[in-house]
Protein chains: 2
Amino acid sequence: MAVDQLDVVFGALADPTRRAILTRLTHGEATVAELVAPFEVSQPAISRHLKVLERAGLISRTRRATARLSHLEAEPLRQATVWLAGYREYWEESYERLDELLAAMQDDETGRNTS
Amino acid sequence: MAVDQLDVVFGALADPTRRAILTRLTHGEATVAELVAPFEVSQPAISRHLKVLERAGLISRTRRATARLSHLEAEPLRQATVWLAGYREYWEESYERLDELLAAMQDDETGRNTS
DNA sequence: ACTTTCTAGAACAGAAAGGTTATAGAGTCG
DNA sequence: CGACTCTATAACCTTTCTGTTCTAGAAAGT
């Protein structure tokens, strides 16, 4: 899987284009061409972003004809969440708000992040 | 607060030294000198890491005599968690495990992360 | 005030990140 | 097989990051 987990995962998440790619992938698998379309960067640039995401274990890739499909692999996101959760007690006051948010999102498809 | 939130926050978390500093700060406020001690990097290097963390809103700073104390400010961590939570449904199967983990950590002081 | 202590900043170096264009390569399909 | 489609790689450039050493500056204590 990923090389150094947290380093690589947080590093991958630090880029807005990569986060947008992940968000796009929550709508389903996508080819490189489909991922290039919404952005104003070149195809090679997207290919490299995908490589970074793959290295972080955030996506997996399969093939369909000549195209390569990217799939969201959320396990690293879960691990990042676990790490962050270790600091839970330092924001107790807003923890309840988070609980509410999580609960709300559970039944609300639109609650998904977009950036 | 922070400049571009997620970009800067995830960027700050991508460095192991900075994550270690945050972990250290969960044990209480600390001076720059105290934060330099455990690492094999120079004091200016730590000062710059602190600057990055401060810019991300992850720490705040006060003064005590000639020293400057760093304090953990976990609000950005909460926001990062909220973003990650948007992908919750993509790891439903491990979600329960996370719940268990969170519950366990709630009553277990030693459950805190160390890196 | 003077000295000491603690932290920040300047200047520099090397590595890594992110983007571009041009080109190679892998896989399909007629 | 041959042509075409889709994606990856190479080569290059610029900017940002991380670290260093040396020095300046701010606050406290004597």
Side-chain angles (χ1 to χ4, degrees), chain A residues 2-25 28-72 76 115, chain B residues 2-22 24-25 28-72 115:
Chain A
V3 179
D4 195 70
Q5 285 309 46
L6 290 178
D7 276 62
V8 179
V9 172
F10 281 131
L13 295 178
D15 183 275
T17 298
R18 286 193 291 263
R19 285 200 306 280
I21 288 175
L22 291 180
T23 298
R24 162 62 185 81
L25 291 180
E29 58 187 16
T31 66
V32 173
E34 289 168 348
L35 292 173
V36 169
F39 303 101
E40 294 195 330
V41 293
S42 63
Q43 170 265 308
I46 296 297
S47 280
R48 295 224 309 208
H49 278 308
L50 292 175
K51 202 170 178 182
V52 171
L53 290 171
E54 186 173 26
R55 183 174 140 86
L58 287 162
I59 66 170
S60 61
R61 316 189 73 181
T62 56
R63 206 176 258 298
R64 182 178 62 188
T66 66
R68 296 194 68 187
L69 298 170
S70 293
H71 313 266
L72 186 62
S115 68
Chain B
V3 178
D4 194 71
Q5 286 306 48
L6 290 178
D7 276 61
V8 178
V9 172
F10 281 130
L13 295 177
D15 184 277
T17 298
R18 286 193 290 264
R19 286 201 305 281
I21 288 176
L22 291 180
R24 163 63 184 78
L25 292 180
E29 57 187 18
T31 65
V32 173
E34 289 168 347
L35 291 173
V36 169
F39 303 101
E40 294 194 331
V41 293
S42 63
Q43 169 265 308
I46 295 297
S47 280
R48 298 225 308 209
H49 277 306
L50 292 175
K51 201 172 180 181
V52 171
L53 290 171
E54 186 173 28
R55 182 175 142 86
L58 286 161
I59 64 170
S60 61
R61 317 190 69 182
T62 57
R63 206 176 259 300
R64 180 178 64 190
T66 66
R68 297 194 68 188
L69 297 171
S70 293
H71 313 267
L72 186 62
S115 69

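Heavy-atom basis, side chains included; hydrogens, waters and symmetry copies ignored. Numbers restart at 1 for each chain; the letters A, B, ... are given by sequence-line order, proteins then strands.
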Response to the item:
5' to 3', nucleotides 18-30 of chain C under a 4.0 Å protein heavy-atom cut-off (B base, S sugar-phosphate only, - none) gives BBBBB----BS--
Worksheet item: Quick one: are B/V52 and B/L58 in side-chain contact, heavy atoms under 4.5 Å?
Response: no
Worksheet item: Does A/L69 reach the side chain of A/T31, with side-chain heavy atoms less than 4.5 Å apart?
Response: yes
Worksheet item: When rounded to the nearest 0.5 angstrom, what is the spacing between CG in B/D15 and NE2 in B/H49?
Response: 4.5 Å
Response to the item:
Output for pair (A/Q43 CD, A/L50 CG), nearest 0.5 Å, gives 9.5 Å
Worksheet item: Starting at CG of B/L50 and ending at P of C/dC6, how long is that distance when rounded to a whole Å?
Response: 16 Å
Discussion item. At a heavy-atom distance below 4.0 Å, which nucleotide of DNA chain D is the first touched by chain B, and which is the last?
Written reply: D/dT18 to D/dA28
Item to complete: Write down the atom of A/A30, the atom of A/R24, and the distance for their closest heavy-atom approach.
Response: CB-NH2, 3.5 Å
Worksheet item: Got a donor-acceptor contact below 3.5 angstrom from the B/R18 side chain to the B/G11 backbone?
Response: yes
Discussion item. What's the separation between atom CG in A/L25 and atom CG in A/L35, rounded to the nearest 0.5 Å?
Written reply: 5.5 Å
Worksheet item: Hey, what do you get for CG (A/L13) to CG (A/L53), rounding to the nearest 0.5 Å?
Response: 8.0 Å
